Asker: 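Structure provided below as structure tokens; questions to follow.
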Protein chains: 2
Amino acid sequence: MKRIAESTVRRLSLYLRFLEDFEKRSIGTISSDELAARGSTTSAQVRKDLSFFGSFGKRGLGYSVPELLARLRQILGLDHEWHVVIVGAGKIGAALAQYRGFSQRGFRIVALYDSDPEKVGRTVDGLQIRPMSALTAESHHHRPDIAVLAVPATAAQEVADIVVAAGVRAILNFAPQQLQVPDTVALKEVNMAIELEGLSFALTNLRM
Amino acid sequence: MKRIAESTVRRLSLYLRFLEDFEKRSIGTISSDELAARGSTTSAQVRKDLSFFGSFGKRGLGYSVPELLARLRQILGLDHEWHVVIVGAGKIGAALAQYRGFSQRGFRIVALYDSDPEKVGRTVDGLQIRPMSALTAESHHHRPDIAVLAVPATAAQEVADIVVAAGVRAILNFAPQQLQVPDTVALKEVNMAIELEGLSFALTNLRM
DNA sequence: ACATGTGAACTGCTTCACAGCG
DNA sequence: CGCTGTGAAGCAGTTCACATGT
């Protein structure tokens, strides 16, 4: 299979959301034009994105909403449950643990870790915070697929090494620190300060 | 001035961080090669990125760390303070309000709003939560440049319209909802569920 | 001699435009 | 006839390679 651009995958996620909405409104068929209008893209882009994975539409008619929905879930790997561990039970880690959007799409949070003895043992949304030192051993049982890092920048690389050694194959990093991981591990960085700086740049350079 | 790619701006933010680190370690001069090694990019990329804004280096030598630092701050618009309002004082909004990374770079949080009367009046990190209904009037006083939205998806567009009408010219949106704003307003979307789905895709399609 | 700054080549994503099929 | 699926064209971002300046 050909390599798929990250931008394409992002759009597939968006199409999935729009289709869920169309399904809720009992719309059975949708054209690439209508899907495009909902995101801010073009019908050609929609068709091209989907064409990497097969031919799901009917010429002259469009796409069956339930069928395309099922296909997209399958393509994105959302047709089964993923096990997620969150490392760092500070404000952000705790907020993520409680975020409904995750469980809703089959991301099951199997454990929450923190190295601070003060926090260990407390409960967040029905999940007891476990000591960081237990992560490796408990991973044999939980078999996490994805680790979400919400730790201080200074600890991030060390934690990343630990979760990778524990068998995690994907990392979502909220720590403001560029991580190094083997290229067998998928990595996404979310850096709120960098987003704000992008806005600062836009404010400084766009207008005025 | 030529249009600058978003990817370029992101890298400038990274260079800024690396330079701060070099400065802390009292390194006075740095080559594009050394900067590139720190991010995961190439020296040509570093030089090209900087070349959009001028010639800051000395041939045969490299870049002066303090000088390039000052230039980057200026380019990114970080040489003065921005006023930020946060809308939504739930878990994520509260976590953002307390996040040190913002104030550290000159983003001053001037107000925190919520429409829930239960939350209004409480204090988060020294900031009293104000009722959403007060946003427009208080904006005459606070003059916010940037709004951070941490509200439910269903409220996001309505809130965006309100803050735009109140004079905000940049929005950082954490709500899982694609926003429509006039093209005079800069917009960044942070969607954690979409990042996770990108990892799910990678796990499903990379290996196996 | 060495590292920058930059046109030129290249790579890859997006848009176009139309043939193909229901 | 309408809308998909897709090669081809167009465009934007990255990499190359070297002339230039210190």
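Both backbone and side-chain heavy atoms feed into the values below; hydrogens, waters and symmetry mates do not. So you know, we letter chains A, B, ... as the sequences are listed, proteins then strands, and number each from 1. Remember, it's a predicted structure, so these values are computed and weren't measured experimentally.
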Asker: Figure out the CZ/C1' separation between F53(B) and dT6(C), and round it to whole Å.
Answerer: 16 Å
Asker: To the nearest Å, how far apart are K48(A) NZ and dA17(C) P?
Answerer: 14 Å
Asker: Determine: side-chain N/O of Y63(A) to OP1/OP2 of dG22(C), distance under 4.0 Å, yes or no.
Answerer: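 No, no such contact exists.
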Asker: Check if the side chain of R59(B) and the base of dT22(D) share a donor-acceptor pair of N or O atoms closer than 3.5 Å.
Answerer: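 Looking at the base of dT22(D), it does not pair with any donor or acceptor on the side chain of R59(B) (distance under 3.5 Å).
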Asker: Can you find a side chain N or O atom of S7(B) that sits less than 4.0 Å from OP1 or OP2 on dG13(D)?
Answerer: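 No.
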Asker: Looking only at side-chain N and O atoms, does S32(B) come under 4.0 Å of OP1 or OP2 in dT4(C)?
Answerer: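 Yes, within the criterion.
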Asker: So, does R3(A) get its side chain near the phosphate of dC13(C), meaning an N or O under 4.0 Å from OP1 or OP2?
Answerer: yes
Asker: Hey, mind stepping through E67(B) and R71(B) against salt bridge (charged side-chain N to carboxylate O under 4.0 Å, His left out) and telling me if it holds?
Answerer: CA-CA 6 Å; E67(B) 195 184 310; R71(B) 290 303 208 135; 5.0 Å; no
Asker: Across the strands shown, which category fits T41(B) at heavy-atom distances under 4.0 angstrom: base, sugar-phosphate, nothing?
Answerer: nothing
Asker: How about E34(A) and S31(A): does a side-chain donor come under 3.5 Å of a side-chain acceptor?
Answerer: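 Their side chains do contain a donor-acceptor pair, which is all the 3.5 Å distance test asks for.
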Asker: Rounded to the nearest angstrom, tell me the gap between atom CZ in R47(B) and atom C1' in dT15(D).
Answerer: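 From R47(B) CZ to dT15(D) C1': 10 Å.
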Asker: Closest to the Q45(A) side chain: dT14(D), dT15(C), dT4(D)?
Answerer: dT15(C)
